[in-house]
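Here the structure comes first, spelled out in structure tokens, and everything after it is commentary.
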There are 2 protein chains.
Amino acid sequence: MNDTSFNPRDCGTCPIRHRAVCSRCEPDELEHLDDIKYYRTYEAGQPVIWAGDPMEFVASVVTGIATLSQTMEDGRTQMVGLLLPSDFIGRPGREQAPFDVVAVTDLTLCCFRKKPFENLMGSTPSIGGRLLQMTLDELDSAREWMLVLGRKTAREKIASLLMIIARRDAALHKRLPKDGMEFDLPLTREAMADYLGLTLETVSRQISALKKAGVIQLQGKRQVHIPDLQRLVSETGDDIDGGHIF
Amino acid sequence: MNDTSFNPRDCGTCPIRHRAVCSRCEPDELEHLDDIKYYRTYEAGQPVIWAGDPMEFVASVVTGIATLSQTMEDGRTQMVGLLLPSDFIGRPGREQAPFDVVAVTDLTLCCFRKKPFENLMGSTPSIGGRLLQMTLDELDSAREWMLVLGRKTAREKIASLLMIIARRDAALHKRLPKDGMEFDLPLTREAMADYLGLTLETVSRQISALKKAGVIQLQGKRQVHIPDLQRLVSETGDDIDGGHIF
DNA sequence: ATCCTGCTTTGATCCTGATCAAAGTATGCA
DNA sequence: TGCATACTTTGATCAGGATCAAAGCAGGAT
């Protein structure tokens with residue numbers, strides 16, 4: 001670690017710099033962490049934690065996808081968070097998990113025991129600052145999601161979800177979304193319905209409609225091809241000049 | 001300030017302890033602040049800031065009510081935040097306001113110039129910690145709101161909103177919501193519709209329906225009386241054992 | 001191969017909440 | 001006092017998405 005030619009980089013996404021999430025991040029904090037961090041894997045479909053359970057760790061997603069969701073007594077469920085690699089799970093300072101967390105695909109988490117993590121936050125103010133920025137980002141996207149849920153039509157909802165996934169997929173590969181891009185839909189129709197406040201039948205119908213209209217092309221059920229990005233954006237109902245798009 | 005009999009209290013709501021929000025808070029931080037903080041008032045209906053505008057302050061609500069909202073090109077709008085006294089407005093570290101902020105009633109803000117506030121955050125880590133906790137709370141309520149928007153019926157939405165306001169009103173007076181409580185509805189039917197993703201006509205009809213069913217009583221258009229709190233809770237669709245209710 | 005099982009598509013019908021329209025109510029102002 | 005304005009209520013009709021139902025499709029196990 002005294003190789004000064006190594007240029008420490010901050011990936012800007014993980015609250016703690018560590019190799020598993022970003023191999024280019026400076027590893028100096030890692031040394032104190034070996035006793036407080038551990039990896040855990042889950043199979044697709046497996047619960048990570050239920051709402052109300054005591055949660056003795058915080059974590060960041062290394063690989064795979066998880067969802068945060070809420071279920072009513074009668075079974076209606078609403079997804080309230082979609083957790084992709086580099087996203088953070090957990091609440092320093094809180095005892096209980098506020099929502100259900102479920103692995104959608106096979107999932108690897110990098111976990112930190114909560115108490116020592118909180119101590120580390122106390123002694124390393126930059127971690128708290130990073131976490132605040134991440135939380136503000138999440139709050140902003142939750143609020144954009146609220147517009148989708150409250151005011152958009154089914155077709156606009158589907159287009160919006162496709163754009164969100166397209167953008168995150170592009171960001172993961174460190175490029176911009178562009179015409180002709182392809183990506184994998186990581187969610188079942190039912191999970192998309194839970195994301196958007198729709199039924200799975202409506203999701204299926206609207207995807208078919210967008211396909212028939214030529215806005216998207218599908219290879220199989222899950223691989224999406226976007227011939228014309230602006231076309232898709234115009235289906236979302238969002239203002240193109242709205243700054244938040246790209 | 002060297003009166004040691006003064007028992008410093010932390011109101012737990014304001015990111016900076018200051019008299020205007022909580023007269024029982026310790027005022028020691030206030031002394032550094034006179035040059036960076038100021039009060040500002042707005043009339044009902046007046047905008048505080050528009051989405052995309054540069055925002056050179058952060059603030060907390062002292063009196064009155066403001067809304068955070070998003071509007072689509074065609075005029076559809078969705079409220080994404082309801083800001084009551086002690087709520088925080090603004091993003092340390094961000095240049096632009098992400099959403100519109102509008103005063104619903106006459107409004108007084110306690111504003112802090114952003115740059116010095118950020119410096120203060122750097123030198124006083126507890127402020128960042130407080131802000132993180134407040135942001136996590138906001139994120140949790142945004143996510144509960146998402147369940148309301150995505151999965152609840154119009155009647156459940158209205159009941160949920162009444163409970164949210166009842167709870168916050170009770171909290172403001174430092175008591176628990178109870179049978180027979182009364183409170184003021186601070187929002188117009190249209191604002192409630194924007195909160196809930198409904199039209200104002202549907203809001204009006206559902207309020208009439210709840211009144212006719214005896215779940216609520218109205219004095220005038222705005223004063224609400226809850227004869228039986230459990231009755232109202234059962235109309236929200238929420239799980240009574242869900243911990244988040246009270 | 002064949003049968004499962006889980007996911008998806010498509011069809012028919014229904015219902016909740018939106019839309020369009022008009023009248024009712026309260027408040028402030030001339 | 002009467003009018004104007006903003007907000008609310010109520011009614012009639014419509015439509016988007018939910019619901020119920022059935023069939024299609026792919027992958028895995030036997």
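FYI, side chains are in, hydrogens and waters are out, and symmetry mates aren't considered; it's all heavy atoms of this structure.
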Given [N], is OP1 or OP2 found less than 4.0 Å from the side-chain N or O atoms of [X]?
X: B:Thr199; N: C:dG17; value: no
X: B:Arg222; N: D:dT8; value: yes
X: B:Thr202; N: C:dG17; value: no
X: A:Ser208; N: C:dT10; value: yes

Side chain of [X] only, please: which of [options] is the nearest?
X: B:Glu201; options: D:dC20, D:dA18, C:dC20; value: C:dC20
X: A:Arg205; options: D:dT19, D:dT10, D:dA18; value: D:dT19
X: B:Ser204; options: C:dA18, D:dT9, D:dA18; value: D:dT9
X: A:Leu198; options: D:dT19, D:dA18, D:dT10; value: D:dA18
X: B:Leu200; options: C:dT19, C:dC7, D:dT8; value: D:dT8
X: B:Arg189; options: D:dT9, D:dC7, C:dT8; value: D:dT9

I need the [atom1]-[atom2] distance between [X] and [N], as an integer number of Å.
X: A:Leu196; N: D:dG16; atom1: CG; atom2: P; result: 18 Å
X: B:Glu43; N: C:dG28; atom1: CD; atom2: C1'; result: 15 Å
X: A:Met192; N: C:dT8; atom1: CE; atom2: P; result: 7 Å
X: A:Leu218; N: D:dA26; atom1: CG; atom2: P; result: 13 Å
X: B:Gln206; N: D:dT9; atom1: CD; atom2: P; result: 12 Å
X: A:Gln219; N: C:dT8; atom1: CD; atom2: C1'; result: 17 Å
X: A:Glu190; N: C:dT5; atom1: CD; atom2: C1'; result: 15 Å

*Donor-acceptor pair, A:Asp106 side chain versus A:Ala44 backbone, under 3.5 Å?*
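Answer holds: yes.
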*Hey, is A:Asp169 close enough to A:Arg175 for a salt bridge, meaning N to O under 4.0 Å?*
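Salt bridge flag = no for A:Arg175 with A:Asp169.
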*Please check if the distance between the ring centroids of B:Tyr195 and B:Trp145 is under 6.0 Å.*
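For B:Tyr195 and B:Trp145, the ring centres are under 6.0 Å apart.
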_To check you understand the geometry: which heavy-atom pair defines the closest contact between A:Ala193 and A:Thr199, and what is its length?_
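Residues A:Ala193 and A:Thr199, closest heavy atoms: CB-C, 3.5 Å.
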_Minimum heavy-atom distance A:Glu73-B:Gly237, with the two atoms named_ =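 Where A:Glu73 meets B:Gly237 most closely, the heavy atoms are OE1-O, 3.7 Å.
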*asked:* Whether the side chain of A:Arg155 and the base of D:dG16 hold a donor-acceptor pair under 3.5 Å is what I'd like checked.
replied: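 Not at all, since no donor on one side and acceptor on the other fall under 3.5 Å apart.
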